[in-house]
Amino acid sequence: MEQEFWTTAVLDFLIALGVVLGGVILGGLGAFITDEYPMFKMMRLAEQLKIWAMVAAIGGTFDTIKNFEITILGGQLNLAFQQIVFIVSAFLGAHTGTVLVRWLIQGGF
Amino acid sequence: MAKGIVRGFEKNRRCFVMFLLGIIAGSSFFLFVYGQKIDGLLSERNAIYYANNQKYKEIMKLQKELEQLSKKGSSAQKEEKRIKKIMVEVDAEQSYITDAVKAQIEKKLAPFLDKSMDWIGNNPEILELILEKEQVIIEDSQKTRVEVHLKYVSLYDETLKIWLKVEDLSGSQISDTVK
């Protein structure tokens with residue numbers, strides 16, 4: 001049970017990170033092909049994709065919210081806490097991706 | 001041949017995917033290495049386009065202005081009045097002096113015919129330089145010598161009209177040279 005929790009947390013983190021990084025890189029290529037500023041576009045995409053990366057990582061907002069309802073109303077607060085950790089993990093992954101892209105482009109926070 | 005290609009593709013699916021991934025990886029690497037430079041070059045290009053557009057607009061504006069000015073200039077040139085007639089009024093004691101001086105001065109001023117009235121109007125000192133103290137010899141039995149003084153100049157209706165006063169120099173000591 002505990003292992004599954006950590007596996008999911010790491011997966012959420014990496015999926016969110018991958019969505020941001022992959023989206024930004026391929027978006028940058030698309031910008032280059034369509035004669036736009038690639039780095040500027042990558043920076044904007046990193047900001048825009050952050051929320052969607054989280055959503056993709058945790059598998060849809062409605063499921064998570066429903067899980068909250070079930071676990072809290074069912075008195076299983078530890079499961080609700082797990083959901084919060086998953087969301088935070090996905091957020092951290094997406095944020096890490098954004099920060100990495102920012103480092104790459106601007107050379108700092 | 002097409003079948004062969006499809007068969008080859010099916011056999012080497014993994015290779016094809018790896019090839020695609022390689023392309024993505026390579027272009028990503030290229031983007032990381034040259035991204036900043038591309039941004040800079042694109043920005044420079046846009047700045048050049050902008051400057052070029054501004055210059056083009058400026059050229060168009062100047063061309064329009066030039067066209068308008070040339071139109072205005074040609075119409076002004078058409079409207080410019082020129083001297084068609086020169087009239088000389090001489091104030092002298094003897095009528096034969098009047099006629100002779102009139103004829104000679106009119107001959108002297110003949111080059112002013114068909115010249116711009118504005119030009120003479122703006123530079124009346126030219127006439128003064130030519131006519132003031134001009135000595136005229138009248139070929140008669142006595143060879144009368146007179147000196148001309150400019151009184152008035154008028155430019156009206158394509159006519160240059162000049163009033164002169166004549167002073168008889170026959171009685172006084174004068175040189176033989178004529179100015």
Side-chain angles (χ1 to χ4, degrees), chain A residues 10-57 59 89-109, chain B residues 1-70:
Chain A
V10 169
L11 260 176
D12 283 354
F13 177 88
L14 289 177
I15 288 167
L17 181 69
V19 168
V20 171
L21 287 181
V24 161
I25 290 167
L26 292 178
L29 279 174
F32 172 66
I33 291 164
T34 55
D35 210 19
E36 281 184 54
Y37 295 93
M39 286 297 186
F40 176 70
K41 189 81 182 170
M42 281 165 79
M43 193 64 228
R44 279 189 63 190
L45 278 174
E47 295 294 338
Q48 286 170 354
L49 284 174
K50 206 170 168 181
I51 188 80
W52 296 109
M54 274 174 65
V55 171
S89 170
F91 169 76
L92 283 176
H95 188 68
T96 308
T98 309
V99 168
L100 286 176
V101 172
R102 206 178 293 160
W103 281 358
L104 177 80
I105 292 163
Q106 294 176 344
F109 290 103
Chain B
M1 191 181 164
K3 267 187 180 178
I5 291 169
V6 171
R7 207 174 294 154
F9 174 73
E10 279 173 355
K11 270 185 188 174
N12 303 296
R13 269 180 197 161
R14 188 170 282 177
C15 289
F16 181 70
V17 173
M18 291 304 280
F19 172 67
L20 282 180
L21 287 176
I23 286 176
I24 290 168
S27 45
S28 307
F29 181 72
F30 155 78
L31 202 63
F32 289 143
V33 174
Y34 290 107
Q36 297 280 9
K37 207 174 183 178
I38 291 166
D39 266 18
L41 288 170
L42 281 172
S43 164
E44 203 176 314
R45 187 194 68 175
N46 285 346
I48 289 168
Y49 276 168
Y50 178 75
N52 191 38
N53 270 351
Q54 293 299 105
K55 291 280 171 201
Y56 181 71
K57 273 182 193 171
E58 209 175 309
I59 288 167
M60 294 304 285
K61 198 180 159 190
L62 285 172
Q63 263 180 352
K64 217 174 184 181
E65 231 170 76
L66 188 70
E67 217 169 86
Q68 277 177 351
L69 283 173
S70 64

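So that the names make sense, note that chain A is the first sequence line, chain B the second, and so on, each numbered from 1. Worth saying up front: this structure is predicted, and the values here are computed from it rather than measured.
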Legend entry - Which atoms of B:Phe32 approach chain A - backbone, side chain, both or neither, heavy atom under 4.5 Å: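 Looking at B:Phe32, backbone and side chain both touch chain A.
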
Inset, instruction - Decide if atom CZ of B:Phe30 counts as having more than 12 heavy atoms of other residues, nucleotides or ligands within a radius under 6.0 Å. - result: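 Atom CZ in B:Phe30 is crowded, with more than 12 foreign heavy atoms closer than 6.0 Å.
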
Inset, instruction - Could you tell me whether B:Arg45 atom CZ has more than 12 heavy atoms of other residues or ligands within 6.0 Å of it? - result: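 Yes, CZ of B:Arg45 has more than 12 neighbouring heavy atoms, counting only those of other groups under 6.0 Å.
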
Inset, instruction - To the nearest 0.5 Å, tell me how far B:Ile24 CD1 sits from A:Leu29 CG. - result: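 Atom-to-atom, B:Ile24:CD1 and A:Leu29:CG are 8.0 Å apart.
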
Inset, instruction - Would you give the length of the straight line joining atom CZ of A:Phe32 to atom CG of B:Leu42, rounded to the nearest 0.5 angstrom? - result: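 Between atom CZ of A:Phe32 and atom CG of B:Leu42 there are 8.5 Å.
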
Smallest separation among heavy atoms of [X] and [Y], with atom names:
| X | Y | result |
| --- | --- | --- |
| A:Pro38 | B:Gly35 | CG-O, 4.4 Å |
| B:Leu31 | A:Met39 | O-CE, 3.6 Å |
| A:Tyr37 | B:Asn46 | OH-ND2, 2.6 Å |

